[in-house]
Protein chains: 2
Amino acid sequence: MPRRPGPRGSYAKTPKRREEILDAAFGVFARYGYLNSSMSEIAKRAGMTMPGVTHHFPTKAGLLEAVLRERDLDAASHLEGRRGVELLRGVLEIAERDEQDRGLTQLFAILSAEATIDDHPAHAYFRDRYELILRTVRTAFLEAQEDGHLRPDVDPGDAAQMCIALSDGLQLQRLYGVDRARQWALTKRLLDSLLIRPVTSSD
Amino acid sequence: MPRRPGPRGSYAKTPKRREEILDAAFGVFARYGYLNSSMSEIAKRAGMTMPGVTHHFPTKAGLLEAVLRERDLDAASHLEGRRGVELLRGVLEIAERDEQDRGLTQLFAILSAEATIDDHPAHAYFRDRYELILRTVRTAFLEAQEDGHLRPDVDPGDAAQMCIALSDGLQLQRLYGVDRARQWALTKRLLDSLLIRPVTSSD
């Protein structure tokens with residue numbers, strides 16, 4: 001958006017500043033984890049003063065939450081309105097897209113491990129996020145079952161846990177440069193072993 | 001070992017002191033991750049002075065490496081002399097045992113994520129560890145293939161990556177209290193989907 005002259009200029013810049021802070025925070029958290037990141041490092045990377053940052057985000061914990069929730073909105077909107085096998089295909093597409101983004105993968109890998117500690121400021125966020133993802137994917141497998149697409153010996157809850165665990169574990173392997181840590185291909189392989197027809201076949 | 005009187009007493013105590021430091025360090029690293037742990041906190045928990053600790057372990061990085069390698073020796077000795085499906089069964093047994101130990105799971109989850117950063121002192125350790133585990137499990141699947149136990153459409157390398165990733169991902173779910181994050185049962189389920197006969201059936 002072009003900057004406008006006059007008194008409204010500083011207001012018009014606010015959403016842009018917020019974005020710049022979130023981008024800088026994302027980079028710093030992905031590099032150092034939450035516990036080792038500082039607001040001053042984030043301000044430095046955003047090219048701002050500390051008061052400039054705390055005006056938008058008074059606490060580091062609030063800033064972390066804003067970074068995480070922003071990334072989740074993308075995924076949620078990608079899955080909206082889908083059900084059953086179609087939703088599982090959407091989960092695969094998200095995995096394929098995330099595979100290109102090392103910073104994002106590293107942010108979630110480091111923070112989700114760090115936040116296993118009960119009193120970590122992102123603990124509730126990650127616990128709720130796991131519950132939401134598991135519930136969403138389990139519902140998709142239940143719907144696939146209703147639609148006659150799930151193999152008869154597969155439990156929808158087990159299937160959901162396995163898919164999400166596989167995906168998280170492959171992300172970690174990829175961060176260690178494991179050759180062929182092909183998150184998309186191997187998650188598809190697991191899905192195909194649970195479904196009657198390949199997940200990417202047309203209905 | 002009972003303490004002996006006389007001048008050899010202080011020597012006899014050395015291995016015990018080392019163990020106490022390693023136990024204290026294990027607890028502190030599992031609680032805070034490596035980056036947020038301090039040698040003074042470890043000394044405090046071990047009931048020793050800082051010089052007492054640094055006499056045995058001059059650096060925090062060296063202490064971390066000793067903690068990690070100690071835990072690996074157990075696993076290596078459990079798998080020694082096994083091959084093929086027998087070795088895969090051993091990997092399952094280790095998963096079953098680790099499932100009881102939240103501290104150990106948390107230590108590996110937090111450190112392995114934290115150490116994805118290239119210049120983390122445990123980066124090389126975890127990279128090498130992943131390579132070793134992947135190679136070991138891939139070899140087991142190759143041997144299972146030679147022995148006619150692998151399903152014909154399964155690639156041994158893919159199978160190894162999937163088993164290890166699933167196991168890591170389920171550990172993380174368990175740390176968030178996900179109900180039924182049954183590492184053993186679901187890893188067995190995956191193994192069974194790759195092998196011709198159930199992994200726990202007798203040969």
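A, B, ... follow the sequence lines: proteins, then strands. Residue 1 opens every chain.
- Chosen from B/L111, B/L175, B/T187, B/L194, the residue pairing most often with chain A at heavy-atom distances under 4.5 Å is B/L175.
- Applying the salt bridge (Lys or Arg N to Asp or Glu O under 4.0 Å) test to every pair with at least one member in residues 24-49 of chain A, sequence neighbours left out, gives these pairs: A/R31-B/D119.
- Using a 4.5 Å cut-off between heavy atoms, A/L134 touches chain B through its side chain atoms alone.
- The candidate from A/S167, A/A165, A/A113, A/G169 with the greatest count of non-hydrogen atom pairs under 4.5 Å with chain B is A/A165.
- Closest of all the heavy-atom pairs between A/L186 and B/D158 is CD2-CG, 3.5 Å.
- Looking only at heavy-atom pairs under 4.5 Å with chain A, the residue among B/I164, B/D153, B/D168 that has the most is B/D153.
- Here the straight-line distance linking atom OG1 of A/T116 with atom CD of B/Q106 works out to 3.5 Å at 0.5 Å rounding.
- The interface of residues 20-29 of chain A with chain B, defined by heavy-atom distances below 4.5 Å, is empty.
- When all heavy atoms of A/S112 and B/L172 are compared, the pair lying nearest together is OG-CD2, 3.7 Å.
- Heavy-atom neighbours of chain A within the stretch residues 121-132 of chain B, taken at a separation under 4.5 angstrom, comprise B/H123, B/F126, B/R127, B/Y130.
- Proximity of a side-chain donor or acceptor of A/E114 to a complementary backbone N or O of B/I110 within less than 3.5 Å is not detected.
- Shown here are the side-chain contact (heavy atoms from CB on, under 4.5 Å) partners of B/E96, two or more places apart in sequence or in another chain: B/W184.
- Interatomic distance, A/R189 CZ to B/M162 CE, rounded to the nearest 0.5 Å: 6.0 Å.
- Per-residue heavy-atom pair counts under 4.5 Å with chain A were compared for B/D118, B/L190, B/I117, and the maximum is reached by B/I117.
- In this structure, the portion of B/A30 lying under 4.5 Å from any heavy atom of chain A is its backbone and not its side chain.
- With rounding to the nearest 0.5 Å, the separation of OG in A/S193 from CG in B/D192 is 11.5 Å.
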